[in-house]
Amino acid sequence: MDNRYIYEGASGPWELVIGLEVHAQIVSQSKLFSGAATAFGANPNTQVSLVDAAMPGMLPVINEVCVTQAIKTGLGINAEINLVSIFDRKNYFYADLPSGYQISQFNHPIVGKGYLDIELEDGTLRRIGITRLHLEQDAGKSIHDQHPEKSYIDLNRCGVGLMEIVSEPDIRSAEEASAYVRKLRAIVRCLGTCDGNMDQGSMRVDVNVSVRKAGEPFGTRAEIKNVNSIKFLALAIHHEAERQIAILEGGGEIVQETRLFDAGLGITRSMRSKEHAHDYRYFPDPDLPPLVITTDMVESIRASMPELPDDKKARLMQDYELSAYDASLLVLEAETATYFEEGLKCLQQLTSKTAKLLTNWLIGEVFAALNREGKTLEECPVSSARLAGLINQIQSGVISGKIAKEVFLLMWESGEEAAVLIEKHGLKQVSDDGPILLIIDKVLGEHPDKVAEYQAGKDKLFGFFVGLVMKNMGGKANPELVNKLLKGRLG
Amino acid sequence: MTNSPMKNDLVCLTLAEAKVGLHQKKFSAVELTKAYLQAMEQHRSLNAYILETPELALESAKKSDERLAKGEGRELEGIPLAIKDLFCTEGIQTTAGSHILEGFKPAYESTVSANLKNAGAVCLGKTNMDEFAMGSANITSYYGNVINPWKRADGKDLTPGGSSGGSASAVARGLAVAATGTDTGGSIRQPAAFSGIVGVKPTYGRCSRWGVVAFASSLDQAGPMTRDVRDAALMLEVMAGYDPKDSTSAPVDVPSFEMAMTQGVKGLRVGIPKEYRLEGMHEDLVALWERGTQWLKEAGAEIVDISLPHTKYSLPTYYVLAPAEASSNLARYDGVRYGLRVPGKTLDELYENTRSDGFGVEVQRRILIGTYVLSAGYYDAYYLKAQRVRKLIAQDFEVAFQKVDVILTPTTPTAAFALDEKPTDPVVMYLNDVLTVPANLAGLPAISIPAGLSKEGLPLGLQLIGPAFDENVLFRAGRVLEENASFKPILER
Amino acid sequence: MSLDQETVKRIATLARLKLDAERMGSMQHALNSILHFVEQLNEVDTSHVEEMVGGNRAIMPFRPDQVTDGNCVDKILGNAPEVTCNMFVVPKVVE
C-alpha cells in the first residue's frame with residue numbers, strides 16, 4: 001500500500017476507507033413529479049404545486065427530462081442503464097417532507113454499476129467504482145432562525161429531481177475523494193445534467209468514513225452529511241479519520257451514526273435528531289408503474305452526448321502533446337476547455353509548442369489573476385482570442401516572454417488587444433543589429449576590466465553583459481539577437 | 001314498475017328517465033333539485049350526507065335549465081347527484097369521513113367529480129362514508145353511522161354497508177338520482193347489495209384517481225352507484241377516461257356502455273367459481289346464485305364451472321397490502337398544512353397528538369398493521385409474500401377468462417346486518433369483503449345487481465366479474481339479471 | 001408471530017400514533033388477531049412467483065418538462081392551521 005493512503009496513529013499506520021453519496025440536482029425546468037418550477041431563490045412556497053404540498057388525492061407524474069438526464073449521466077459515468085426501474089416510497093416523518101415519504105429508488109435504480117477514473121496530482125490514475133445512480137425527490141427547507149420556538153417551512157425545493165450517485169468504498173484518501181467529486185462535477189456540468197453549484201446546494205456530498213489496519217475488514221463507518229464544498233470535504237475526512245483513530249487507539253468503539261460537518265469549527269459532530277431509530281419501510285410506490293426505457297431511447301441519448309472530459313483530455317494529449325496533468329486541468333471545468341479551444345482557433349500557428357504556450361498562460365497567468373481577484377473564467381477581462389493574440393506576438397518575436405507578462409497586465413486592465421497595447425506603450429522588441437550594437441559597445445566600453453576577465457576565461461560574465469545590455473535597452477531587445485551580437489563582439 | 005303510484009314523484013325517476021323528462025321540459029332541473037333537497041331534509045335521520053350543499057345545487061340547477069332551454073344540455077345536464085366525501089370538491093369541505101380533515105376545503109376538484117360537473121350534473125352534497133373508506137358497515141365515520149333505508153321485521157336500524165354507505169343509502173332512499181362511490185375491497189358493491197341498488201367497480205385504471213383521497217392506491221377505483229344498470233352505464237361513461245394526471249390511468253377509449261347493455265348474453269360463457277361457495281354462506285344467497293345462473297342460461301348463456309384456487313387467500317392478501325399502502329398514504333395527515341392540528345411542544349408531539357385525536361380506532365389499527373408489515377425484518381414475510389399471492393390470484397382470473405367471458409357470484413355472504421350486531425373482532429368484520437376483494441386485487445371490473453330478497457325481506461346482490469377493460473360484458477349480463485329479477489327498490493315499496 | 005407491547009409501541013412511534021396504557025391492550029389484541037389471520041398466506045408456495053407490480057398499466061407515462069404549476073401560494077396555504085411570511089409553522093425542530 002502506497003504511503004499516501006496511510007494515516008499515522010500512535011499504534012502505527014491506519015488506512016482510510018471512504019465511500020461517497022453525491023446528491024446532484026437535475027437541470028430541468030420543472031420538478032421530478034410535478035409541474036412546479038425548479039428555479040433557485042424564489043419567494044417562499046411560490047414554486048409549489050398541490051402535488052408537492054401533498055394535498056389529499058394528489059398524484060405524481062414523472063418528468064421525461066429528469067429521466068433522460070439520469071440516463072445521460074449514467075452513460076457519462078460508464079454505467080449500465082436499467083431498462084426497467086421501480087420507484088419506491090421511503091417513509092419517515094419530517095417537517096419538510098409533506099407526504100411523509102420521499103419517492104426514491106431502492107431495489108431497482110435507473111442506473112447500475114459504473115466507474116470514474118480520477119487523476120491525482122502526481123499523475124497516478126485510480127478507478128473508483130460507482131454502485132448506482134438513482135432518481136429521487138428533494139425535500140423542502142426548514143428555517144430555524146426566525147423564531148425562538150418555531151420553525152418555518154418553505155416547500156419550494158420539495159420535489160425537485162435529484163440524482164443520488166453512490167460510489168463503492170474504493171476511495172482511500174481525502175485527495176482521492178476531492179478528485180472524485182471534482183471529476184463527477186466536471187462530467188455532470190459537461191453533460192448539462194447538473195449545474196454542480198455546491199454553494200447553492202445543487203451538489204451535496206454525504207461521506208462515509210471508516211478506518212482499518214491494512215488488510216483487515218472494513219471498520220464501522222460514520223456518515224457525514226451535507227458537505228457543501230470540496231475544501232470542506234477534505235477537512236471533514238481528515239477530522240473524522242483523526243477522531244476515529246483516537247477513539248480506536250483509546251480502546252473505544254466507533255458508533256455507526258450520522259454526523260454533521262461544522263465548517264466553522266472544522267469538526268464533525270453527531271446529529272442527535274437523526275438518532276431516532278429509523279425504519280424507512282421502503283415499498284414500491286403504487287402511484288407509479290415501473291419506469292420502462294427502450295434501448296432506442298438510450299441509444300439516441302448516447303448519440304447526442306457531448307465530448308466527455310476524459311475523451312477531451314485524451315484528444316488534447318494526442319493532438320497537442322500536452323501532459324496528462326495539464327490536460328486534466330483544462331477539462332476539469334467545461335468553461336476552461338471551451339476557453340482553451342476557442343484560443344487554439346485564434347493562434348496564427350497551431351503547433352504543439354504554441355498549444356503548450358497557451359496552456360501555460362491559461363493555467364498560469366490567467367488562473368493566478370482570476371484567483372487574485374476572485375473572478376471566474378466567464379468574468380475574465382482577457383478573452384480567449386485576446387490571449388491567443390498575445391501568444392501570437394510572442395511566437396512571432398514581436399515581444400519577449402518577459403515583456404509579454406507586462407503586456408498581459410495591461411490587457412487585464414484595459415481589455416485591449418496585445419498588438420494595440422504593444423504599439424501604444426512602445427513595447428515592441430528591437431530586432432535590428434544597429435541599435436543593439438550601439439548599446440553593446442557602450443556597455444563593453446564602460447567595463448574594460450570585466451571584458452578582460454571574460455577574455456581570460458571567466459565565461460560566467462557573459463550573463464552579466466547580457467543583463468546590462470537588456471537593462472540599457474529597457475528589456476525590449478530580442479534576447480537571441482543580443483546573445484549573438486555580444487558573442488561576436490567579445491570574440 | 002311504471003304503474004307504481006310513487007312513480008310520479010320526481011325522486012323516483014331513474015337517471016335515464018330524469019334525463020328524458022328534463023329534455024322534454026316535463027320539469028325543470030331546479031324542480032328536480034328541489035324535490036331532492038326536500039327528500040334529503042326529510043330523511044336526515046339516515047345520516048347519508050356529511051354535507052348538503054343546497055344553495056350550490058340550486059345555482060347549478062338554474063344554469064342547467066338555461067342550457068337546456070337553449071338546447072345545449074350535456075350528458076348529465078341538471079341531474080342531481082351525490083358525491084362520496086372521498087372525492088375532493090373545490091371549495092367544498094372534503095373530510096373522507098375523518099375528524100382529521102374536518103373543515104378541509106380543497107382548492108381543486110377531483111377529475112371524476114369534475115367530469116360529472118362538466119357534463120352538467122348538479123351536486124347535492126357530500127355523502128357519508130367509513131373513515132378513509134376503511135370499513136364495511138359505515139360505522140367508522142367521524143360523522144356518525146349511516147342507516148339503511150331498508151328495515152327488517154324487528155325494525156332495528158341496519159347498516160347500508162360500507163364504505164360508500166352514505167351514497168348507497170342516498171341512492172336507495174331517493175336522496176340523489178345516483179352517487180359516486182369508491183371501491184378498494186368492495187366499498188361500492190357491498191353497500192349496493194345491502195341497499196338494493198346497482199354498483200360498479202370499474203377496471204383499475206378506468207377512472208382517474210386524481211383528487212380522490214387515497215386509501216390503498218393500487219386497489220382504489222371510483223365507480224357509479226345507481227338505481228339500475230342503464231344509469232350505471234350512463235354515469236360510468238361520464239366518469240371514466242384517461243387522465244394524464246394519474247400515472248395509473250389507462251390510455252384506453254371509453255366505449256358506449258349503454259349500447260353494450262342491450263346486446264344480451266346469447267353465446268356468452270358464464271363461469272361459476274366453486275371456491276365462492278363459502279361455508280356459512282346464507283342459504284338465501286346460495287339460492288339466489290342458482291337462480292341467477294338459471295336466468296343467464298335461459299337467456300342463451302353457456303354455464304361453465306370454473307376454479308379460482310387462490311380465492312381463500314384474497315382476504316389475508318388484502319389485509320396486508322391495503323393497510324401497508326394506507327399507512328404510507330395517510331402519513332400526510334400531520335397537522336401541518338391542512339385539517340386538524342392538535343398542538344404539541346415538539347414537532348413529534350404535534351404529529352402524535354394530531355394523528356391520535358384525528359384518526360378513529362379502525363384507521364389507527366390499519367395504519368399500525370401497515371407500518372408493521374412494511375417494517376424492517378417483516379417486509380418479505382408479509383408485504384412481499386402478499387404481492388406474490390396477489391399475482392397468483394390475478395393469474396387464477398387470467399386462466400379462468402380463457403374459458404369464460406364473465407364470472408357470476410353473490411356480492412356478499414349475508415344480507416345487511418343490524419348496527420348493534422356489528423362484530424367486535426375486526427377479522428369477523430373483514431369477512432364481509434370476502435367475495436368482492438379478489439376483483440380489486442386482480443384489477444378487474446365488477447358489478448353488483450340487486451337480484452332478490454332474503455327471507456327477512458332484505459335486498460341481496462349478485463356480482464359479475466369481467467376481464468380487464470371489458471365492462472361491456474358486465475352491463476350485458478347485468479341487464480339480463482336485472483330484467484329477470486324484477487327487483488322492487490325500497491322507493492317503490 | 002405475536003406482537004408484544006414493546007413492538008406495538010415501536011410501530012406506533014414509527015407511525016406517529018400515541019397509544020396510552022388504556023388503549024394499548026385492545027389494540028395489541030386486535031393487531032394480533034389480524035396478524036394471525038393474514039398468516040394463512042404462509043400456506044401458499046410462492047417460491048417461483050414474481051410479485052405483482054403496476055396494476056393494469058405496465059409502463060410509466062412521461063410528462064413533458066414544462067412549468068405548468070405553482071405560483072398558487074394561496075391554494076397551498078389556504079387550509080394551513082398556522083402560517084407566517086407565507087410559510088407553514090411548526091414547533092422548533094432541533095438538528
Side-chain angles (χ1 to χ4, degrees), chain B residues 103-105 107-108 203-205 218 244 247-251 310 312-313 315-317 319-320 327 334-339 341 344-353 355-356 359 364-365 367-369 371-372 375 382 384-392 394 425-427 430 443 468-469, chain C residues 1 3 7-8 10-20 23 26-31 33-57 59-63 72 74-83 88-94:
Chain B
F104 171 62
K105 285 187 181 167
Y108 50 96
T203 310
Y204 184 79
S218 77
S247 301
T248 63
S249 168
H310 296 91
K312 72 172 279 207
Y313 301 108
L315 265 191
T317 300
Y319 278 97
V320 170
S327 71
D334 59 6
V336 175
R337 295 166 316 286
Y338 45 78
R341 164 179 285 197
K345 280 198 287 295
T346 64
L347 181 62
D348 277 333
E349 258 184 54
L350 181 148
Y351 288 155
E352 290 189 350
N353 293 344
R355 292 166 60 79
S356 303
F359 292 135
Q364 294 196 33
R365 247 183 230 150
I367 290 175
L368 290 173
I369 280 289
T371 305
Y372 181 69
S375 67
Y382 291 105
L384 204 59
K385 181 84 188 179
Q387 280 291 48
R388 291 192 166 133
V389 178
R390 181 179 185 180
K391 182 84 175 183
L392 292 173
D425 185 340
V427 171
Y430 296 170
F469 299 106
Chain C
M1 183 75 53
L3 297 185
T7 312
V8 177
R10 186 178 58 81
I11 303 164
T13 304
L14 272 178
R16 297 298 185 276
L17 293 172
K18 198 169 52 178
L19 285 181
D20 49 34
R23 287 171 56 208
S26 61
M27 188 58 92
Q28 187 192 2
H29 180 77
L31 296 181
S33 160
I34 298 167
L35 277 185
H36 177 71
F37 174 66
V38 304
E39 266 153 24
Q40 290 176 65
L41 294 178
N42 294 333
E43 298 165 11
V44 189
D45 177 10
T46 53
S47 47
H48 302 290
V49 187
E50 266 192 50
E51 65 270 23
M52 183 146 157
V53 282
N56 284 317
R57 173 152 193 161
I59 296 180
M60 175 113 77
F62 290 128
R63 186 188 95 237
C72 53
D74 295 347
K75 287 186 179 184
I76 299 300
L77 302 171
N79 280 287
E82 193 180 348
V83 172
F88 300 103
V89 181
V90 297
K92 196 165 195 91
V93 181
V94 191

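Residue numbers begin at 1 in each chain, while the letters A, B, ... track the order of the sequences.
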Undergrad: Using the side-chain contact (heavy atoms from CB on, under 4.5 Å) rule, take C:Leu17 and B:Phe359 through it: C-alpha gap first, then chi angles, then the decisive distance, then the call.
TA: CA-CA 9 Å; C:Leu17 293 172; B:Phe359 292 135; 4.1 Å; yes
Undergrad: Report the distance from atom OH of B:Tyr338 to atom CG of C:Leu77, rounding to the nearest 0.5 Å.
TA: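 If I round to the nearest 0.5 Å, the distance is 13.0 Å.
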Undergrad: Under 4.5 Å heavy-atom distance to chain B, tell me which part of C:Val83 shows up: side chain, backbone, both or neither.
TA: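 Neither part.
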Undergrad: Please determine whether a side-chain nitrogen of the Lys or Arg among B:Arg388 and C:Glu51 lies less than 4.0 Å from a carboxylate oxygen of the Asp or Glu.
TA: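 Between C:Glu51 and B:Arg388 there is a salt bridge, with a charged N closer than 4.0 Å to a carboxylate O.
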Undergrad: Testing the basics here: between B:Leu392 and C:Asp45, what is the closest heavy-atom pair and its distance to 0.1 Å?
TA: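 Heavy atoms only, the tightest pair is CD1-O, 4.2 Å.
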Undergrad: I need the minimum non-hydrogen distance between B:Glu352 and C:Thr13, along with the two atoms involved.
TA: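 Answer, listing the atom of B:Glu352 first, then C:Thr13: OE2-CA, 4.3 Å.
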Undergrad: Please assess C:Val90 against B:Arg341 for the test side-chain contact (heavy atoms from CB on, under 4.5 Å), listing each intermediate value before the final yes or no.
TA: CA-CA 10 Å; C:Val90 297; B:Arg341 164 179 285 197; 4.2 Å; yes
Undergrad: So which part of B:Ile369 gets closer than 4.5 Å to some heavy atom of chain C, the side chain, the backbone, both or neither?
TA: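 When you check distances to chain C, atoms from both the backbone and side chain of B:Ile369 fall under 4.5 Å.
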Undergrad: What are the two closest heavy atoms between C:Pro81 and B:Gly335, and how far apart are they?
TA: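 In terms of heavy atoms, the two residues are closest at CG-O, 3.4 Å.
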Undergrad: Can you tell me how far the NZ atom of B:Lys385 sits from the CG atom of C:Asn42, to the nearest 0.5 Å?
TA: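 That separation rounds to 6.0 Å.
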Undergrad: Might you point out which heavy atoms bring C:Gln40 and B:Tyr313 nearest each other, and give the distance in Å?
TA: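 Residues C:Gln40 and B:Tyr313, closest heavy atoms: O-CE2, 3.5 Å.
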Undergrad: For residues B:Lys345 and C:Pro91, report the shortest heavy-atom separation together with the two atoms involved.
TA: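 B:Lys345 and C:Pro91 have their closest heavy atoms at O-CB, 3.4 Å.
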Undergrad: Could you check which of B:Asp334, B:Val320, B:Leu347 has the highest count of heavy-atom pairs closer than 4.5 Å to chain C?
TA: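 Of the options given, most contacts go to B:Leu347.
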Undergrad: Please examine the side chains of C:Leu3 and B:Tyr372, heavy atoms only from C-beta on, and report whether any two atoms are closer than 4.5 Å.
TA: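 Of all side-chain heavy-atom pairs linking C:Leu3 with B:Tyr372, at least one is under 4.5 Å.
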Undergrad: Give, as side chain, backbone, both or neither, the part of C:Thr7 having an atom under 4.5 angstrom from any heavy atom of chain B.
TA: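 Interface part for C:Thr7: side chain.
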Undergrad: Once rounded to the nearest 0.5 Å, what's the spacing between atom CZ of B:Arg390 and atom CG of C:Leu41?
TA: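 The CG atom of C:Leu41 is 13.0 Å from CZ of B:Arg390, to the nearest 0.5 Å.
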Undergrad: In terms of heavy-atom contacts, does NZ of B:Lys105 have more than 12 from other residues, nucleotides or ligands at under 6.0 Å?
TA: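 Count not over threshold, so no.
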Undergrad: Calculate, to the nearest 0.5 Å, the distance between atoms NZ and OG1 belonging to B:Lys391 and C:Thr46 respectively.
TA: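 The NZ atom of B:Lys391 sits 13.0 Å away from the OG1 atom of C:Thr46.
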Undergrad: Indicate the atoms forming the closest heavy-atom contact of C:Ser33 with B:Val427, along with that distance.
TA: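 Where C:Ser33 meets B:Val427 most closely, the heavy atoms are OG-CG2, 3.3 Å.
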Undergrad: Out of C:Arg23, C:His29, C:Arg10, return the one with the most heavy atom pairs under 4.5 angstrom to chain B.
TA: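 Between C:Arg23, C:His29, C:Arg10, the count favours C:Arg23.
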Undergrad: Check the pair B:Tyr108, C:Lys75 against side-chain contact (heavy atoms from CB on, under 4.5 Å), reporting the backbone distance first and the verdict last.
TA: CA-CA 9 Å; B:Tyr108 50 96; C:Lys75 287 186 179 184; over 6 Å; no
Undergrad: Please determine whether the number of non-hydrogen atoms from other residues, nucleotides or ligands lying under 6.0 Å from atom CD of C:Glu50 exceeds 12.
TA: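 Incorrect, the count does not exceed 12.
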Undergrad: Are B:Arg365 and C:Met27 side-chain neighbours, meaning at least one heavy-atom pair lies under 4.5 Å?
TA: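 Yes. Closest side-chain heavy atoms under 4.5 Å.
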Undergrad: Apply side-chain contact (heavy atoms from CB on, under 4.5 Å) to the pair C:Val44 and B:His310, showing each step before the final yes or no.
TA: CA-CA 9 Å; C:Val44 189; B:His310 296 91; 4.1 Å; yes
Undergrad: Check whether C:Phe37 gets within reach of chain B through its side chain, its backbone, both or neither, counting any heavy atom under 4.5 Å.
TA: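 Contact with chain B is through both the backbone and side chain of C:Phe37.
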Undergrad: Any donor-acceptor pair under 3.5 Å linking the side-chain atoms of B:Asn353 with those of C:Lys18?
TA: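 C:Lys18 vs B:Asn353: donor-acceptor pair found between side chains.
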Undergrad: Please classify the contact between B:Thr346 and chain C as side chain, backbone, both or neither, with a heavy-atom cut-off of under 4.5 Å.
TA: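 Only the backbone of B:Thr346 comes within 4.5 Å of chain C.
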